[in-house]
Amino acid sequence: MAKFNRLLTSILIGTLLTGTAFALNGEKYLADASVTLAQAREAALKAYPGKIVSEELEEESGGSGLRYSFVIRHHTAKHEVGIDAKTGALLENSVEGKNPD
């Protein structure tokens, strides 16, 4: 129950901080993440300030193998920012290409 309350609180805080009201893709991995969604959003926006337009929690090579991936828009530019879901380390901060993954 405490884990659920933390999750709910992190989602609500993240929504208030980013103005984002969409679902996180990859919810099934949340139990394996040491970093909350709110913490990952904060780290991503620190790496590339703007508005989060999509977010995903996924298994991907590099780091611990579990990462939050955010697409952040600032004016017309979009960046993909990856945050390790177990350590909070910045894994990626790059311009999103024409064919985003």
From CA spacing to verdict: side chain to side chain contact (heavy atoms under 4.5 Å, CB included), Y68, E55 | CA-CA 7 Å; Y68 290 100; E55 56 191 12; over 6 Å; no
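- Counting only residues at least two apart or on different chains, the salt bridge (charged side-chain N to carboxylate O under 4.0 Å, His left out) pairs with a member in residues 64-75 are E60-R67, R67-E92.
- Atom CD of E42 is separated from atom OG1 of T36 by 8.5 Å, given to the nearest 0.5 angstrom.
- Atom CG of residue L37 and atom CD of residue E27 lie 9.5 Å apart, to the nearest 0.5 angstrom.
- Criterion: ILVMFWY side-chain heavy atoms under 4.5 Å apart, direct or through other members. Under it, V35 and L91 are not part of a common hydrophobic cluster.
- In this structure, T76 has no side-chain hydrogen bond (donor to acceptor under 3.5 Å, both in side chains) partners at least two apart in sequence or on a different chain.
- Here NZ of K78 is found 12.0 Å from CD1 of I72. Values are rounded to the nearest 0.5 Å.
- With sequence neighbours left out, the side-chain contact (heavy atoms from CB on, under 4.5 Å) criterion links A43 to I83.
- Between F70 and A44, the shortest heavy-atom contact is CD1-CB, 3.5 Å.
- Partners of K86 according to the side-chain contact (heavy atoms from CB on, under 4.5 Å) rule, which considers only residues two or more places apart in sequence or in another chain, are S34, S64, L66, D84.
- Taking each heavy atom of A47 and L90 in turn, the nearest pair found is CB-CD1, 3.9 Å.
- A search for ring pair (Phe, Tyr, Trp, His ring centres under 6.0 Å) contacts involving Y48 returns H79, not counting sequence neighbours.
- Going from atom CG of N25 over to atom OG of S69 covers 10.5 Å, rounded to the nearest 0.5 Å.
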